Protein chains: 2
Amino acid sequence: MSEGRMTQGNMGESLLFLTDEQLRQGIEAMFFAYRGFTADPDRILADLAYGRAHHRAIHFINRAPGTTVNNLLAILGVTKQSLNRVLRTLIADGLVESRVGTSDKRERHLYLTDAGRALESQLSDAQRARMRAAYRDAGPEAVAGFKQVLEAMMDNDMRRAYVRLRDGS
Amino acid sequence: MSEGRMTQGNMGESLLFLTDEQLRQGIEAMFFAYRGFTADPDRILADLAYGRAHHRAIHFINRAPGTTVNNLLAILGVTKQSLNRVLRTLIADGLVESRVGTSDKRERHLYLTDAGRALESQLSDAQRARMRAAYRDAGPEAVAGFKQVLEAMMDNDMRRAYVRLRDGS
DNA sequence: TTGGAATGTCAACAAGGCTGACATATGCTG
DNA sequence: CAGCATATGTCAGCCTTGTTGACATTCCAA
């Protein structure tokens, strides 16, 4: 992008990379890749009477222990009724613990129990294994590009949430 | 992260790019980006009493006009009952046409009508606009990496379907 | 002619979204 | 202190989109 003048190969690429055909390929790549992305955890969850929604909650509670319900709602982008249904089962099953806030007692702070952390590991190990294989196949430069494009694709709110998590809230 | 003496920004990256932390970032990037990826079509579809399932069917029928139901089932990865419910409404609403096969009359070949193509355009224009913006922000080299990683993340079956579509079935 | 493939359809069910309404605690502000 | 706002939980009902199982029809191919 910032090299001087273009070689012909380079220029062709630059001129073509915004064609509808290229964009369509990216769209289909996202579609098919997302299926692979969720496939392994989904298989594990199916045996446990849990679904993708439980996985997401567990992931982000593990990521930011002590996070509040409101926080989680903002990250997950669902209604509190929808999240609550999921949290209720996770708490009932002893995977998540909900503690009343100390400074503000209206808030509930969420933590994984040991059992919750065990499931989280199992799920994220599976998902990371696929990610690791993909990263290895593609190489570090491809990975940098991958993240750049994904980040540019996010809504502003989500990009902020992503960066906050990434850089340590 | 990228300062420094060593060409080692590079070497650090190479050594670190398979850490769990890097993998987790990729996982979260996929999660947040996929939300953005589907957001614009979802908004359009909400007004039309259609959902993401209709969008997917319309997309792949447009992509491969005359495709059979079985073909579509393999690509979408859902049951025929689930797909059929979607196709029935699209056919009833005059967006999709189903023609009995000529060589094999058991097969149904699916085509978009003019109205179907109009909706397809509306949906994919919205999705492409976001993709285009992301591509432009990230640049052609990032885009190449993006596609490489996504392709490596797919299940084998899906990768085959993706490549077949990409290279012109 | 017969088996199997491709398709369509019915019924029932579940997950996980949604809205709307309402209850309870708690914090904050005038 | 009164009253409003905030954070959370919960009930009820609805929708989409996935699932399984069963069954009918049509038609190709051995």
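Letters A, B, ... are given to chains in the order of the sequence lines, protein chains preceding strands, and every chain is numbered from 1. Owing to the predicted nature of the structure, the values given are computational and were not obtained by experimental measurement.
B:R108 places its CZ atom 10 Å from the P atom of D:dT26, with the value rounded to the nearest Å. Atom CG of A:D42 and atom P of D:dT19 are 11 Å apart (whole Å). Between the CD atom of A:E107 and the C1' atom of C:dT26 there is a distance of 11 Å, given to the nearest Å. Counting to the nearest Å, the C1' atom of C:dC18 and the OH atom of B:Y50 are 20 Å from each other. The CZ atom of A:R43 sits 14 Å away from the P atom of D:dT19 (whole-angstrom rounding). Rounded to whole angstrom, the span from the CG atom of A:L45 across to the P atom of D:dT19 amounts to 16 Å.
In summary, A:R130 and B:D155 engage in a salt bridge, as defined by a charged side-chain N under 4.0 Å from a carboxylate O.
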Which side-chain N or O atoms in residues 62-71 of chain A pair as donor and acceptor under 3.5 Å with protein atoms at least two apart or in another chain?
{"from": "A:R63", "atom 1": "NE", "to": "B:E28", "atom 2": "OE2", "distance (Å)": "3.0"}
{"from": "A:R63", "atom 1": "NH2", "to": "A:L165", "atom 2": "O", "distance (Å)": "2.4"}
{"from": "A:T68", "atom 1": "OG1", "to": "A:N71", "atom 2": "N", "distance (Å)": "3.2"}

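At a non-hydrogen distance threshold of 4.0 Å, A:T68, A:V69, A:N70, A:K80, A:Q81, A:N84, A:R88 from residues 66-100 of chain A come into contact with DNA chain D.
Listed by chain and number, the residues in a side chain to side chain donor-acceptor pair (under 3.5 Å) with B:Q25 are A:K147, B:E21 (sequence neighbours excluded).
Across B:L90 and B:A57, no two heavy atoms sit closer than the pair CD1-CB, 4.1 Å. The two atoms that bring B:I58 and B:L119 nearest to each other are CD1-CD2, 3.7 Å, heavy atoms only.
With hydrogens and angles ignored, no donor-acceptor pair closer than 3.5 Å exists between the side chain of A:R106 and the base of C:dA25.
For the OP1/OP2 pair of D:dG18 and a distance below 4.0 Å, the side-chain nitrogens and oxygens of B:R56 include at least one atom meeting the criterion.
Ring-plane geometry between B:F37 and B:Y34 is classed as tilted, the angle between the planes lying from 30 to 60 degrees on a 0 to 90 degree scale. Under the 30°/60° scheme for interplanar angles, the aromatic rings of A:Y135 and A:F146 are found to stand perpendicular.
Residue contacts for B:H109: at a heavy-atom cut-off of 4.0 Å it reaches no nucleic acid atom on any strand shown.
For the pair A:K105 and A:A49, nearest-nucleotide mapping onto DNA chain C gives the more 5' position to A:A49.
With C:dG16, D:dT17, C:dA6 as the candidates, the nucleotide lying closest to the side chain of A:H54 is C:dG16.
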